[in-house]
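In what follows, every chain begins at residue 1, and chains take the letters A, B, ... in the order their sequences are listed. Just the heavy atoms: all of them, side chains too, but no hydrogens, waters or symmetry mates, feed the values below.
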Protein chains: 2
Amino acid sequence: MVTVRDVARAAGVSISTVSRALSAPEMVAAPTRDRVAAIAAELGYQPNRAAAGLRAGRTGALGLLVPDLANPYFAAVAKGVAERAREHGLGVFVVDSDEDPAVEVEVLRSLAHQTDGVILASPRAVEADREAVGAKPVVVVNQDGPLAVVTDVAAGVRLALEHLRGLGHRRIAYVGGPATSWSDARRRAALGDADVVALGPHHPTVAGGAAAADAVVASGATAAITFNDVVAVGLVRAVRERGLRVPEDLSVVGCDDTFLAALVTPALTSIGTDLREVGRSATELLVGRLTAAPGSGPDDAAPATITLPGTLTVRDSTTTAPPTP
Amino acid sequence: MVTVRDVARAAGVSISTVSRALSAPEMVAAPTRDRVAAIAAELGYQPNRAAAGLRAGRTGALGLLVPDLANPYFAAVAKGVAERAREHGLGVFVVDSDEDPAVEVEVLRSLAHQTDGVILASPRAVEADREAVGAKPVVVVNQDGPLAVVTDVAAGVRLALEHLRGLGHRRIAYVGGPATSWSDARRRAALGDADVVALGPHHPTVAGGAAAADAVVASGATAAITFNDVVAVGLVRAVRERGLRVPEDLSVVGCDDTFLAALVTPALTSIGTDLREVGRSATELLVGRLTAAPGSGPDDAAPATITLPGTLTVRDSTTTAPPTP
DNA sequence: GTGAAAGCGCTAACAA
DNA sequence: TTGTTAGCGCTTTCAC
């Protein structure tokens, strides 16, 4: 392994000059700086992050906690985080809690010491998590908190309702997800109208969607909004098995607009947001806090919530309401 | 931050005793060990991995490189890696190269110094990657190499062919993927029969599958095996637009058996393997090499390839061959 | 502008 | 069995 000493020796300078030339170029005379840079490159010198962090109190890494990496929703967020972190020259420690709150807390405890800050994507135990992380900055996704990135759930729901009402639907069902879901609670609040019947909680799975089919049909709704795209798939499938057509007899709107929505048949109209942007924004928020921290500007600990716009992508699963019999 | 010194002071022992009590318990008298452990827990002491690694020459972290985290295939592998790494108490640095070989090499260069070894999932530039990583152990997935985890592609293809032939299909098309794909090459080799017509290369996307539709129809095949599940979706869609039915007129077999296969309509018969197991095996292989390395047993640098069985999950996209006109 | 030296938190000889 | 000591590679005062 090539170290600062090797570079220093080869360049005929001290190790501190090497260190400065590489991480604080303005403090070094141009010729020296260039010579050091050239030799470092030639020798293939790679600074040891762990060592640098040990001294400087930074680790050069971010932590990302997701409940399930195999879920396309979180996979997309993770991709956004990885992308932006790389641009900032930071590493990303990814942990998958497998939807288990206990695991969440456990892994965070060790993550906290190996990172400069963490991003909690849809955490299942926010408060315990915060405590486990300690003093390092925490950005939450789809949760309330001083540093948060959320989707404009209300806007998404409004768009969907407008879309459906414009198609003549007068009675709309909402197939809700887990009771612990932050988004679900927000959506229920945003729906709150007389012509919307909220169902659930249901499991956020194909089976969950299928289980809701009877209730949806019984509700007399001509359109349904589901907790997520997978639930929509289950609902569509079960409703069809009952001899109804989608979208002719029942329009279905999914949520999250994962790549799944475009792949299934019928392609799902879906409420969504740019998931990679969620990851990018969360990273940006965290990195901003990291660099701001030492300077301690006046609004240093100021809370900040980034709200990303909700979108509605219209595809084939929604159409005009059937004539009332 | 609680350090060894704090624990040592509180326990009335030296810092080395604390270190030993925690990482080499058998070297410390039981009462001392227990007291230190109790105090460490009470104080909420978390060892600083970076510092430990700096001294011991290990970082306590693994690197995982994937071409696209949002791809369900790699997401599943990543989940397996994360799971097993956690069991070993190791962190996972995840990098997404966005399918770009140049990015791959660049990120690996810095990854190499922050990890004890790396896993390359379907790397796009293996040789350059190896060089970038340097001396640290490298496990490749779906590639040839001294330390590799691969799927038994031939077995999967054989199962699919047997399944299709058993249904009476006599002419079968293979819709191939990117020319650079290791799996694609293996599959073509495994197909090699007179009644199989290999098409492509095609993009591994819905559009790629759709683009292959005409060629598949023109080939006179009554069944098609596609590069992956997404391509299968594209093929099914395009073939249906041409007025043919799936599976009645054309049986379709996907590859990878991602969760997608079960969600689309018709649910796809798919050649697959346990993706999480791929991640787990790769991690196991890497960890084994890490712990073996210092001891330097006789077969220390011995190559090892784990071949995971290929499977065929039969769903709704395959049925008996149509009667020859 | 540059060098010498003191650690960051920890582990691993080496002593006792 | 336990304590003392010397660093791992780097950043960062503090002199010059």
Side-chain angles (χ1 to χ4, degrees), chain A residues 1-37 39-40 43-61 89 91 110 112-116 134-136 294, chain B residues 1-37 39-40 43-61 89 91 110 112-116 134 136 294-295:
Chain A
M1 182 183 257
V2 186
T3 76
V4 267
R5 312 186 88 85
D6 300 316
V7 179
R9 191 158 28 228
V13 296
S14 74
I15 59 165
S16 16
T17 300
V18 173
S19 175
R20 286 193 204 103
L22 266 29
S23 50
E26 72 283 358
M27 297 181 69
V28 168
T32 323
R33 185 205 317 139
D34 296 345
R35 188 155 41 91
V36 170
I39 295 197
L43 262 46
Y45 169 71
Q46 285 295 125
N48 181 325
R49 283 273 179 70
L54 188 55
R55 184 65 243 256
R58 287 170 288 97
T59 66
S110 68
H113 290 268
Q114 307 179 67
T115 57
D116 297 331
K136 303 257 170 89
Chain B
M1 181 184 257
V2 186
T3 75
V4 267
R5 313 187 87 87
D6 301 316
V7 179
R9 194 163 21 235
V13 295
S14 74
I15 59 165
S16 25
T17 301
V18 174
S19 175
R20 282 192 285 254
L22 266 29
S23 50
E26 72 283 358
M27 295 180 70
V28 168
T32 322
R33 186 207 315 143
D34 295 345
R35 187 155 41 90
V36 171
I39 295 197
L43 263 45
Y45 169 70
Q46 284 296 124
N48 181 325
R49 283 273 179 72
L54 187 57
R55 183 67 246 253
R58 286 169 290 95
T59 65
S110 69
H113 291 267
Q114 307 179 67
T115 56
D116 297 331
K136 303 258 170 88

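Side chain of A/Ser14, nearest nucleotide from D/dT5, C/dA4, D/dT11: C/dA4. Checked against D/dT11, C/dC10, D/dT2, the side chain of B/Ala51 finds its nearest nucleotide in C/dC10.
Taking atom CG on A/Asn48 and atom C1' on D/dG7, their separation rounds to 14 Å, with Å as the unit. Rounded to an integer number of Å, the gap from A/Leu22 CG to D/dG9 C1' is 13 Å. Here C/dA12 presents its P atom at 9 Å from CE of B/Met27, a figure rounded to the nearest Å. Straight-line distance from the CZ atom of B/Arg20 to the C1' atom of D/dT1: 8 Å, rounded to whole Å. Rounded to whole Å, the distance from CG on B/Leu54 to P on C/dG7 is 17 Å. Between A/Gln46 atom CD and D/dC10 atom C1' there is a gap of 14 Å when expressed in whole angstrom units. The interatomic distance linking A/Asp6 (CG) with D/dG9 (P) rounds to 9 Å, in whole Å. Counting to the nearest Å, the C1' atom of C/dT2 and the CZ atom of A/Arg35 are 12 Å from each other.
Among all heavy-atom pairs drawn from B/Ala11 and B/Ile39, the shortest one is CA-CD1, 3.5 Å. A pairwise comparison of heavy atoms in A/Gln114 and A/Ala61 identifies O-CB, 3.8 Å as the closest pair.
Nearer the 5' end of DNA chain D, as judged by each residue's closest nucleotide, is the contact made by B/Ala56, out of B/Ala56 and A/Ser16. Sequence order on DNA chain D of the closest nucleotides to B/Gly53 and B/Val13 puts B/Val13 first from the 5' end.
Close to C/dG3, at under 4.0 Å from its OP1 or OP2, lies a side-chain N or O of A/Thr17. Between B/Ser19 and C/dT11, a side-chain N or O to OP1/OP2 separation shorter than 4.0 Å is present. Distances shorter than 4.0 Å separate none of the side-chain N or O atoms of A/Thr3 from OP1 or OP2 on D/dG9.
Inter-residue side-chain proximity for B/Thr32 and B/Val13 is flagged as met; some heavy-atom pair is nearer than 4.5 Å.
Looking only at atom types and distance, the side chain of A/Thr17 has a donor-acceptor partner in the side chain of A/Ser14 under 3.5 Å away.
Heavy-atom neighbours of A/Arg35 CZ from other residues, nucleotides or ligands within 6.0 Å: above the threshold of 12.
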